[in-house]
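Remarks on the structure that follows.
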Amino acid sequence: MVDFNKIAKKWQNRWEKDNIFATKISKNKQKYYVLEMYPYPSATLHIGHLRNYSIGDCIARFMRMNCFNVLYPMGYDSFGLPAENAAIKNKADPREWTESNIKAIKRQQKSIGLSYDWSREIASHRESYYKWNQWIFLKMFEKGLAYRKKSPVNWCPSCKTVLANEQVIDGKCWRCSSEVEIKDLEQWFFKITKYAKELLNDLDKLRDWPEKVKIMQKNWIGKSEGTLVNFKLKDTDENLPVFTTRPDTLYGVTFMVFAPEHPKVLELVKGTKYEKDVKKFINEVVIKEKFERTSEESEKKGMFIGKYAVNPLNNEKIPIYIANFVLLDYGTGMIMAVPAHDQRDFEFAKKYKIPIKVVISSSDFDLNEKKMDRAYIGEGKLINSGEFNGLNNKDAIDYITKYIEKNKLGKKTVQYKLRDWLISRQRYWGTPIPIIYCGKCGVVPVPEKNLPVKLPKDVKFTGEGNPLLTSGSFVNVKCPKCKGEAKRETDTMDTFVDSSWYFFRFCDSKENKLPFSKGAEYFMPVNQYIGGIEHAILHLLYARFFTKVLRDLKLTKVSEPFTRLLTQGMVTKDGAKMSKSLGNVVDPSWIIDKYGPDTARLFILFAALPERELEWNDKGVEGSFKFLNRIYNLVNDKPKFRKDINNKDKFIISKTNSTIKQVTEYINDFKLSLAIGSLMELVNSINRYKKQEVNEKIYHECLKDLILLFSPFCPHISEELWEKIGNKNYISMEKWPKFDSNKINKKAEELEELLHNTISDINEILKLINKKAKKVIIYSIPKEKSLFNENKELLEDELDLEIQVYAVNDKDKYDPSNKSKKAKPGKPAIYIE
RNA sequence: GCGGGGGUGCCGGAGUGGACAAACGGGCUGGGUUUAGGCCCCAGUGGCUUAGUGCCUACGCAGGUUCGAAUCCUGUCUCCCGCACCA
């Protein structure tokens, strides 16, 4: 038995010793940047990782063999909740915990022979990386792209800490099961909305992105055109801006609704008799109805908050409500409600007995406020609308908007569903936000020369509040401006910040004057990005946003980071996503231990097309292992050689060549499982071919091409076989075989198939009738008759029978009583005597 | 709930208007090799029927478009991904 693990180790050591996968800037070679989404460093590799890397390494090796200067790096997305949880739970030091995880996963990555340039490794928790997060933050702050505003968080009153959505289970804290509350905090945002238009429009440029991802991003950005109307808070000058696509119904507004979690709401009810109920309502809606509240059918719930607004067109006094169906995220987080002409508003008005006012008349029926049983959303002429009466409502949209703009009551605007990116996290294990608060000078950015703001080590992980607050040395600082006593910002950055530009850093991972420089100029954009479909929106959108910001900071010329995108499907088990809580996570290391890395890689790639979801089942692992053995034995077995060239040789040349064409195309299209299927067919053909004497030169040519084609999938065994057939160089650095259309011989391939099928059929029949036969009569179509005759001896040898061949329309030999004479192309009728 | 995908033989999965009972593998059955087993090699594998031929049925379910549908449309069930503090 061949020890594939030993072979793997041998070649991994040699690759490392000769450092063959290190990449440099090269003027003579075209660059190609392949990147897998860098992983969160968990201690063990799972099936999804294996799939991700096997795909990436296959592409990287393929492109390298196609003479590109391939950049293929690896790093770790190493900030985040799990390290902090480990610190709280096991008193582990997050730094040590993370580094030891990185060590563990890296060892496993190395064990599968991925052709990374390890010298470029980065990890986002290291100062040399997160320093640049801070640097970029400061640049964005200067440009007004980083700003502070109030925003609600999940708050556990008993743990006195902010909870991630993941930590809220059925409205309760995951640790202590207390009811979670909503609390407003002043937090940092990135102004991604400033780039909404470009992020939307540039999707069209991404020709090599999956359509589904582009659609999801488009819907997420969610552009809509409408009018911003400023209502006034009654008896004040304060504006309450409302976004509407229906300014034509402005005279029909009978109430206004805020999203319950709108920061303004608590301000408005503070100290009033409504305060207590409002707070209760907010918690209920925001936490428990997180998604369900957007349903058209779900029950409309709300309450009056004791304040009024003023309609800017007719100065009517309008009561202000809060309700579950209004979302903070969309528009301005408040709406004008027109119950007569909007179904949701109508239902709400009916329930809370709010007046309904018709402002659009229908030509089909009389609309009566008291009798209406649903909103009228059709077209019509404006009524009860002052000077706009009589206008068609579609035209009125324009007229009224113009009127509003003229009188400075609002403006025409484009609204996006996309909202600014909240980057503040009240946690330890992330990049400190480089800001200092001074009583005198206000918000003061940390001067660039003082970067990085390092994460302190004198902190306590109690599970209560942000650990950073427990470090006096971190919190208490001198103001950089006035040198007075000041406090440091204790929020850290969302880990999505780290992953939004790491692909630039790989190009210049050791650069220490800038986040990146010349290397990025040469290597960016990423030609091929590979990662899970679950990142289709957030990560990819943030990375696109950052790239545009960095471009506007003149750090790069690139506008889009990823030219081509492959979103790999999830690996599921028992019909469900693999997760720790379900206990169905599969660790592939046993496959590697038992069969070696090549088998593991081959199997995961062969199991399904990369883009598709894959239901995990390890039953087929044996099959991939068998295939490796077949290739290995094929190369090691020496057939008998001869000098002349016959049809069989022509066939195998042709077959090898069509396989080159097919495998190349398949890899280009990511149809990796199909590429492996073609290789399996080729191996079958060569095995059959070498049963008899073969032409030595041709046989070796075919083997050579086969191993080359196979090497991106199973590099270790390919190196071994490459050496065995007498090569001194690395196959990893060898050139990809070229398809030669002159070598294609369709006739030879068809003939081979025809003869092979015929022999199989005859054997099958012999077996069925279970008797000795002397003679086989083949009725073929006339075109194929000569083929059979030419190969009669060969067939006779193989079958040990006498062969007679007739064409079906050969009248002399045609026996009408015999129904066996029907023949099809490629499938002759067979008669056995 | 909203947005995006998927459902094909015993199993993993190819096939996205005709050439397809369905690539390639697994499993199973039979044969070869072997003292035997394993490995390996070859073949078969929806149902019925004749050795050859032919018929029927199948692509979650129900309809529709088409000369023709797994493939296009409509409805429906179900699973997966995302929903902005998991990464």
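The shown structure was predicted, so the numbers you read here are calculated from the model rather than taken from an experiment. Chain naming here is simple, since letters A, B, ... match the order of the sequence lines and numbering starts at 1 in each.
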Side-chain N or O of [X] versus OP1/OP2 of [N]: is the shortest distance under 4.0 Å?
X: Arg419(A); N: rA84(B); result: no
X: Asn684(A); N: rG25(B); result: yes
X: Thr495(A); N: rA87(B); result: yes
X: Lys671(A); N: rG15(B); result: yes
X: Lys626(A); N: rG26(B); result: yes
X: Arg688(A); N: rC42(B); result: no
X: Arg612(A); N: rC80(B); result: no

Under 4.5 Å between any side-chain heavy atoms of Met493(A) and Trp188(A), yes or no? no
Going by heavy atoms in the side chains, are Arg148(A) and Phe189(A) under 4.5 Å from each other? no
Judged by modelled atom types alone, do [X] and [Y] share a side-chain donor-acceptor pair under 3.5 Å?
X: Gln187(A); Y: Arg425(A); answer: no
X: Asp77(A); Y: Ser499(A); answer: no
X: Asn101(A); Y: Tyr40(A); answer: no

Rounded to whole angstrom units, what separation is found between the [atom1] atom of [X] and the [atom2] atom of [N]?
X: Trp616(A); N: rG12(B); atom1: CH2; atom2: C1'; answer: 10 Å
X: Ile182(A); N: rA84(B); atom1: CD1; atom2: C1'; answer: 14 Å
X: Glu166(A); N: rC86(B); atom1: CD; atom2: P; answer: 6 Å
X: Lys212(A); N: rC80(B); atom1: NZ; atom2: P; answer: 16 Å
X: Leu541(A); N: rC81(B); atom1: CG; atom2: C1'; answer: 17 Å
X: Phe627(A); N: rG27(B); atom1: CZ; atom2: P; answer: 16 Å
X: Glu615(A); N: rG6(B); atom1: CD; atom2: P; answer: 17 Å
X: Leu628(A); N: rC40(B); atom1: CG; atom2: C1'; answer: 15 Å

Would you call rG9(B) syn or anti, using the 90° rule around 0? syn
I'd like to know if Lys655(A) and Glu681(A) make a salt bridge, using a cut-off of under 4.0 Å between side-chain N and carboxylate O. yes
Name the nucleic acid region contacted by [X], choosing base, sugar-phosphate or nothing; use a 4.0 angstrom heavy-atom cut-off, strictly under.
X: Leu674(A); value: base
X: Ser424(A); value: base
X: Gln426(A); value: base
X: Val213(A); value: nothing
X: Lys417(A); value: base
X: Leu679(A); value: nothing
X: Ala536(A); value: nothing
X: His539(A); value: nothing
X: Val153(A); value: base
X: Trp220(A); value: base
X: Ile215(A); value: sugar-phosphate
X: Phe603(A); value: nothing

Side chain of [X] only, please: which of [options] is the nearest?
X: Ala164(A); options: rG12(B), rC85(B), rA87(B); value: rC85(B)
X: Met216(A); options: rC86(B), rG3(B), rC83(B); value: rG3(B)
X: Met570(A); options: rG4(B), rC80(B), rC24(B); value: rC80(B)
X: Asp77(A); options: rA84(B), rG13(B), rA87(B); value: rA87(B)
X: Ala607(A); options: rG12(B), rC24(B), rC86(B); value: rG12(B)
X: Leu609(A); options: rG4(B), rA14(B), rA87(B); value: rA14(B)

Nucleotide forming a Watson-Crick or wobble pair with [N], both distances under 3.5 Å:
N: rC61(B); result: rG75(B)
N: rC24(B); result: rG12(B)
N: rC83(B); result: rG1(B)
N: rA43(B); result: rU29(B)
N: rA51(B); result: none

Can you tell me whether the side chain of [X] and the base of [N] have a donor-acceptor pair closer than 3.5 Å?
X: Arg630(A); N: rC40(B); result: no
X: Gln187(A); N: rC85(B); result: yes
X: Glu613(A); N: rC79(B); result: no

Under 3.5 Å: donor-acceptor pair, side chain of Asn466(A), backbone of Thr490(A): yes
Heavy-atom donor-acceptor pair, His262(A) side chain to Ala259(A) backbone, under 3.5 Å: no
For atom NZ of Lys150(A), decide whether the heavy atoms of other residues, nucleotides or ligands shown that lie under 6.0 angstrom number more than 12. no
Which residue, Gly677(A) or Asn687(A), contacts RNA chain B at a nucleotide closer to its 5' end, judged by nearest heavy atom? Gly677(A)
Using the closest heavy atom to pick a nucleotide of RNA chain B for each, name whichever of Val621(A) or Leu614(A) lands nearer the 5' end. Leu614(A)
